[in-house]
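Keep in mind that the numbers below use all heavy atoms, side chains included, and drop hydrogens, waters and symmetry copies.
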Amino acid sequence: GTLPLLFASQMENINDTLISVKISASSIPTRLCFHCGHPGHKAASCSNSLTPETQTAGGRDAFQRYLATKSNLSHYHTRNGKEKRGHPYSFDRVVQWMKDAECVTYQCDNNLQPKDPFAILENEAAVAASHNGQINQRWNDLHRGKYKGLVKAHRDAFNCIINDVRKKLANRLNVTPSDEAASKWQMELNQAVVLGRPADFSNEDSKEESAGRCIKVYAVEKLHPRCRHLHHLLFHDNAFSTKIRSRFLLPVPQSDVDTDGVVNVLSIGGGPGYDHAALCLVAKFLYDIQPFRSKMRMRSIRTHVYDLFDQDWKPIMSALGECFHERLHNNGDNDKDLTELCGSGSRMTMHHADLRQGLDKGIHDDLRLAVESADMIIAQFVLHENSSFILKDSDETDNRQQRISGAIRDMLAQASIGAVMICTDSCNTLFPALKETASEYGWVYLGNEEQRGIKEIVAYSGPKSYVILERIRRD
């Protein structure tokens, strides 16, 4: 019947794919422990995982084979995600249906306004629903296809840039596959989450061949996932992400002289600039898909990174910025306003902060002032790493839930009306306390739990554990 034939066709395509990247079933390594090299368990549960120096030759070989396979697959998807003429097919389709959309008017410069692609699709659905009989199965299929094409387009654009930058950063920092296997960064990170204490990547063992190798390996290995979480969340199909894109990330018409187009961002625990890179890639994509982008200018994103290990991150932040600049300019993206990763005024700065202490402490004088003028506050994967210090139980006479304390609580109290906060983490166990604390200071929020049941999610591409908050009042 039809189903067996379709299945056979899909299997042929899979076989062709494996052949094209020269990966056969026999060449795909069996998943082995990266510490001892034996099957049946992962490195996190290996009895030798507490002592990284005991990693065996088999463990190192297993990790290097895993990296080689992942690299081949990544190269295949990146190479086949582009067309010979430059842009991926899905990208060109997005630009075309944005230009053709009936709800967008590009008649004269006076009416020229940047448009959010999700807003266009939602408006198309509303217009079609108002005309009885216009929506049929074919229309639904075409409309859903636009959503899927949009998700593919922004993911392809992200992966194309971030994978190249990762390679450049690894070369610049001299991080090799053997370093990635031997370093203790993953063990430090796992322990930080379990114990609720910040991971210290700067205190290296004397056996390390060069100072700061662990933090360099961490910078390279976490570049893609950390940037991906925020990038994909901002393209999530929810009202909060839509508002963030419209208010802070869409380009600005060149004719609009009253809008400076500057977005002030606080990146809490943002390492070498992961959050800045993700935001700029979102802004760049929203700029690139505008049909008449030559008459617009990109947003300037000014990110102030506050981190406990700011001195260790500073040279890596500079290296990451140089890698992005080299990648964009060497690939022909020399737009008039693209002198940096984003707009001409975009920049990153690094500062010291300790989330375990309140903003009333002397070390937080700069952070306290920055919070008041911040448009966006981003805290990725920092709550659980500080949970033993910032999670406080309520009074015994109070039946309320736990609360967040320290610098995060003070930010919620001092942020301006209209500011947004984005939190992602490895799990959501601290989010109830965060939401409860935020509610007391006039914040509304949306997380993965609240999103369930609101509406059918057409384009979900964000992390599983997230909370987006917006301050709407001062109590």
Side-chain angles (χ1 to χ4, degrees), residues 192-193 196-199 230 240 244 248 263-271 274-276 279 302-311 313 348-395 398 400-425 428-447 465-475:
V193 174
R197 301 175 181 274
L230 179 58
F240 280 59
I244 292 173
F248 303 127
V263 182
N264 293 310
V265 180
L266 294 187
S267 175
I268 309 303
Y274 297 135
D275 300 336
H276 181 78
L279 290 172
R302 298 176 182 174
T303 304
H304 307 283
V305 181
Y306 285 86
D307 201 283
L308 184 61
F309 303 106
D310 54 307
Q311 295 301 320
W313 283 123
M348 285 187 294
T349 58
M350 181 69 70
H351 311 268
H352 180 75
D354 188 345
L355 297 184
R356 298 168 293 185
Q357 303 185 43
L359 294 187
D360 57 335
K361 304 300 181 181
I363 62 171
H364 287 155
D365 288 343
D366 292 341
L367 178 57
R368 184 170 58 253
L369 295 176
V371 167
E372 298 176 356
S373 60
D375 298 309
M376 302 175 63
I377 303 173
I378 302 174
Q380 287 206 89
F381 298 90
V382 294
L383 294 182
H384 281 80
E385 292 182 16
N386 292 273
S387 60
S388 63
F389 300 97
I390 67 175
L391 187 62
K392 300 299 182 183
D393 293 328
S394 301
D395 189 271
D398 194 346
R400 296 179 302 174
Q401 297 181 356
Q402 292 176 310
R403 297 293 190 275
I404 296 295
S405 64
I408 295 294
R409 179 201 58 197
D410 293 344
M411 291 180 202
L412 294 171
Q414 299 181 22
S416 61
I417 302 296
V420 298
M421 177 181 286
I422 302 175
C423 297
T424 65
D425 223 312
N428 57 8
T429 53
L430 263 68
F431 287 170
L434 175 65
K435 296 172 185 177
E436 192 74 18
T437 307
S439 297
E440 295 179 352
Y441 292 105
W443 294 73
V444 293
Y445 53 82
L446 175 74
S465 299
Y466 71 89
V467 176
I468 306 176
L469 309 100
E470 179 186 11
R471 190 167 200 185
I472 61 174
R473 66 181 187 278
R474 286 182 180 270
D475 293 338

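- Ring pair His304/His351 is tilted by interplanar angle, where 30° to 60° counts as tilted.
- Not a single donor-acceptor pair under 3.5 Å links the side chain of Asn428 to the backbone N or O of Ser465.
- Sorted by first then second residue, the side-chain hydrogen bond (donor to acceptor under 3.5 Å, both in side chains) pairs that include residues 365-374, not counting sequence neighbours, are Asp365-Arg368.
- For Ala379, the side chain to side chain contact (heavy atoms under 4.5 Å, CB included) test picks out Ile268, Val382, Cys423, with sequence neighbours left out.
- Across Tyr466 and Leu446, no two heavy atoms sit closer than the pair CE1-O, 3.8 Å.
- Without hydrogens or angle criteria, Arg471 side chain to Ala438 main chain gives no donor-acceptor distance under 3.5 Å.
- The line from CD1 of Ile468 to OH of Tyr445 is 14.0 Å long, rounded to the nearest 0.5 Å.
- When the side chain to side chain contact (heavy atoms under 4.5 Å, CB included) test is applied to Thr437, the partners found at least two apart in sequence or on another chain are Arg403, Ile404, Arg409, Leu412, Tyr441.
- For the atom pair Gln380 CD and Tyr274 OH, the distance stands at 10.5 Å (nearest 0.5 Å).
- With sequence neighbours excluded, the residues forming a side chain to side chain contact (heavy atoms under 4.5 Å, CB included) with Arg356 are Pro198, Leu308, Asp354, Asn386, Phe389, listed by chain and number.
- Minimum heavy-atom separation, Ser387 to Leu430: CB-CD2, 3.7 Å.
- Heavy atoms only, all atoms of each residue included: Asp425 and Phe381 are closest at C-CE2, 3.4 Å.
- Side-chain contact check for Leu266 versus Tyr306: some heavy-atom pair is nearer than 4.5 Å.
- Counting heavy atoms from C-beta on, the side chains of Val265 and His276 never come closer than 4.5 Å.
- Side-chain atoms of Asp375 come within 3.5 Å of backbone N or O of Asn264 as a donor-acceptor pair.
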task = Would you please test Val371 and His364 for side chain to side chain contact (heavy atoms under 4.5 Å, CB included) and show each step?
result = CA-CA 10 Å; Val371 167; His364 287 155; over 6 Å; no
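- Gln414 is linked by a side chain to side chain donor-acceptor pair (under 3.5 Å) to nothing, counting only residues two or more places apart in sequence or in another chain.
- Arg473 contributes no side-chain N or O that, together with a main-chain N or O of Ile417, makes up a donor-acceptor pair within less than 3.5 Å.
- Within the 4.5 Å cutoff, the side chain of Glu385 has no heavy atoms near those of the Leu355 side chain.
- Thr424 has its side chain out of reach of Leu230: every pair of non-hydrogen atoms, C-beta onward, lies at least 4.5 Å apart.
- Of all the heavy atoms in Ser416 and Ala374, the pair that sits closest is OG-O, 3.9 Å.
- Ile377 places none of its side-chain heavy atoms less than 4.5 Å from the side chain of Leu469.
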inquiry  = For a side chain to side chain contact (heavy atoms under 4.5 Å, CB included) check, start with the C-alpha distance between Leu367 and Asp410, then their side-chain angles and the critical distance, and finish with the verdict.
reply    = CA-CA 10 Å; Leu367 178 57; Asp410 293 344; over 6 Å; no
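- Looking only at side-chain heavy atoms (C-beta outward), Phe248 and Val420 come within less than 4.5 Å of each other.
- Taking 4.5 Å as the limit, every side-chain heavy atom of Phe240 sits out of range of all side-chain heavy atoms of Ile422.
- Residues passing the side chain to side chain contact (heavy atoms under 4.5 Å, CB included) test with Ser267 are Asp275, Thr303, Val305, sequence neighbours excluded.
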